[in-house]
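Taking it in order: structure first as structure tokens, then the write-up.
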Amino acid sequence: ALFLDWETSSTMTWHRSAGLLKAAGVEPGPWPDPDHPGSGRTGMVWYRFMSGPLWDSTEFLKAEVARLGIKLLVIDSAGPAANGMPESAEFTLKLFNALRDISDPNDPLSTIILAHVTHESRKSGKSSPFGSVFWSNLPRNTYSLEASRGQGQNHSDYALHHRKSNTGSLRPPLGFR
């Protein structure tokens with residue numbers, strides 16, 4: 001997996017992903033160095049600090065995906081990757097076209113795009129990504145992750161809901177603590 005990060009730092013992202021890996025029984029280790037593929041975490045998760053729209057890095061990312069054998073991209077997050085304009089149909093379509101350009105048609109790349117939701121959609125129980133309708137219409141599958149934390153609790157509870165599927169039935173919700 002290649003984690004493309006527009007929102008935070010490698011240190012913060014490592015701490016977040018380390019918690020997830022530890023919960024799955026995997027010892028995280030350090031980030032591998034993309035310039036030295038034999039270093040670090042055996043190449044399980046690569047990290048790249050990003051700035052500017054995704055489409056400005058298409059050629060570089062296509063080469064990195066091929067060189068490192070990447071099968072999954074994680075984009076954090078949709079707004080900055082779409083040049084700070086997720087409400088623009090034009091920029092949303094440019095982002096999805098860039099993802100197609102990065103992917104090899106003979107060995108398709110899976111992508112997870114983290115996107116923010118509006119307070120109104122969250123309150124209505126019909127969470128959808130902020131911005132253009134294409135954020136919901138173009139992906140094959142969409143999920144929403146909802147968190148709750150009670151007063152005085154030192155943990156959060158999460159619910160993962162499968163909201164859309166173009167290739168089969170929706171999966172039942174999953175809960176995590």
Side-chain angles (χ1 to χ4, degrees), residues 1-17 20 31-32 34-35 44-147 158-168 170-171 173:
L2 176 58
F3 195 100
L4 303 178
D5 184 10
W6 278 263
E7 294 227 343
T8 185
S9 67
S10 64
T11 301
M12 180 59 73
T13 302
W14 182 90
H15 283 290
R16 289 177 178 163
S17 68
L20 294 171
W31 285 116
D35 297 322
M44 185 168 63
V45 178
W46 302 91
Y47 175 87
R48 178 71 61 188
F49 178 85
M50 298 292 292
S51 63
L54 178 72
W55 52 87
D56 283 355
S57 301
T58 301
E59 291 304 315
F60 170 77
L61 290 171
K62 185 176 184 106
E64 287 293 276
V65 163
R67 182 174 74 89
L68 299 170
I70 300 298
K71 302 295 181 200
L72 172 68
L73 282 182
V74 178
I75 294 177
D76 187 8
S77 73
N83 204 32
M85 299 191 59
E87 68 280 8
S88 164
E90 176 187 358
F91 287 158
T92 303
L93 291 169
K94 280 182 83 167
L95 183 135
F96 278 95
N97 285 334
L99 287 172
R100 286 187 64 80
D101 288 344
I102 293 166
S103 188
D104 178 346
N106 297 314
D107 189 16
L109 187 62
S110 295
T111 306
I112 296 172
I113 302 173
L114 305 177
H116 297 274
V117 299
T118 65
H119 292 292
E120 292 79 26
S121 72
R122 192 177 316 140
K123 287 178 187 175
S124 72
K126 296 184 179 184
S127 293
S128 61
F130 169 77
S132 168
V133 69
F134 288 114
W135 291 111
S136 296
N137 291 351
L138 290 176
R140 301 279 188 269
N141 287 281
T142 62
Y143 292 82
S144 67
L145 181 65
E146 297 158 17
Y158 299 92
L160 182 66
H161 296 275
H162 193 190
R163 300 289 185 197
K164 174 193 168 189
S165 175
N166 285 358
T167 56
L170 296 177
R171 298 182 184 272

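Note that the structure is a prediction, hence the values are computed from the model and not measured. The basis for the numbers below is simple: all heavy atoms, side chains too, and nothing from hydrogens, waters or symmetry mates.
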Q.
Just to verify, what does Tyr158 make a side chain to side chain contact (heavy atoms under 4.5 Å, CB included) with, not counting sequence neighbours?
A. Leu145, Ala147, Ser156, Phe176
Q) For Pro80 and Trp6, which heavy atoms make the closest approach, and how far apart are they? A) CB-CB, 3.4 Å
Q. What side chain to side chain donor-acceptor pair (under 3.5 Å) pairs are there with at least one residue in residues 129-140, not counting sequence neighbours?
A. Thr92-Trp135
Q. Looking only at heavy atoms, which two atoms of Ala98 and Leu54 are closest? And how far apart?
A. CB-CD2, 4.0 Å
Q | Heavy-atom check, side chain of Leu2 versus side chain of Arg48, under 4.5 Å | A | yes
Q: List the atom of Leu95, the atom of Ala78, and the distance in Å for their closest heavy-atom pair.
A: CD1-O, 4.4 Å
Q.
Would you compute the distance between atom CZ of Phe3 and atom CG of Leu72 and round it to the nearest 0.5 angstrom?
A. 10.5 Å
**Q.** Pairing of Lys62 and Glu59 as salt bridge, 4.0 angstrom limit
**A.** no
Q: Applying side-chain contact (heavy atoms from CB on, under 4.5 Å), run through Trp55 and Asn97 and close with a yes or a no.
A: CA-CA 8 Å; Trp55 52 87; Asn97 285 334; over 6 Å; no
(Q) Do Ser57 and Met50 have side chains that approach each other closer than 4.5 Å (heavy atoms only, starting at C-beta)? (A) yes
Q: Would you sort out whether Asp5 and Thr13 count as a side chain to side chain donor-acceptor pair (under 3.5 Å), showing the intermediate values?
A: CA-CA 8 Å; Asp5 184 10; Thr13 302; 3.0 Å; yes
Q | Close side-chain approach of Leu109 and Leu99, heavy atoms under 4.5 Å | A | no
Q.
Nearest 0.5 angstrom please: Arg171 CZ to Asn141 CG, how far?
A. 8.0 Å
Q. Could you state the interatomic distance from CG (Leu138) to CZ (Arg100), rounded to the nearest 0.5 Å?
A. 10.0 Å
Q.
Rounded to the nearest 0.5 Å, what separates atom CG in Leu4 from atom CZ in Phe49?
A. 12.0 Å
Q.
Does anything in residues 102-117 form a side chain to side chain donor-acceptor pair (under 3.5 Å)? List the pairs, not counting sequence neighbours.
A. Glu7-His116, Lys71-Asp107
Q: Flag the pair Phe96 / Pro139 as yes when at least one side-chain heavy-atom distance between them is below 4.5 Å, and no otherwise.
A: yes
**Q.** Rounded distance [0.5 Å steps], CG in Leu61 versus CD1 in Ile70
**A.** 10.0 Å
Q | Spacing of CG belonging to Asp76 relative to CD1 belonging to Ile112, to within rounding of 0.5 Å | A | 11.5 Å
Q. Can you find a side-chain donor-acceptor pair between Thr142 and Arg163 that sits under 3.5 Å?
A. no
Q) Nearest heavy-atom pair of Ala81 and Ile75: which atoms, and what distance? A) CB-CG2, 3.7 Å
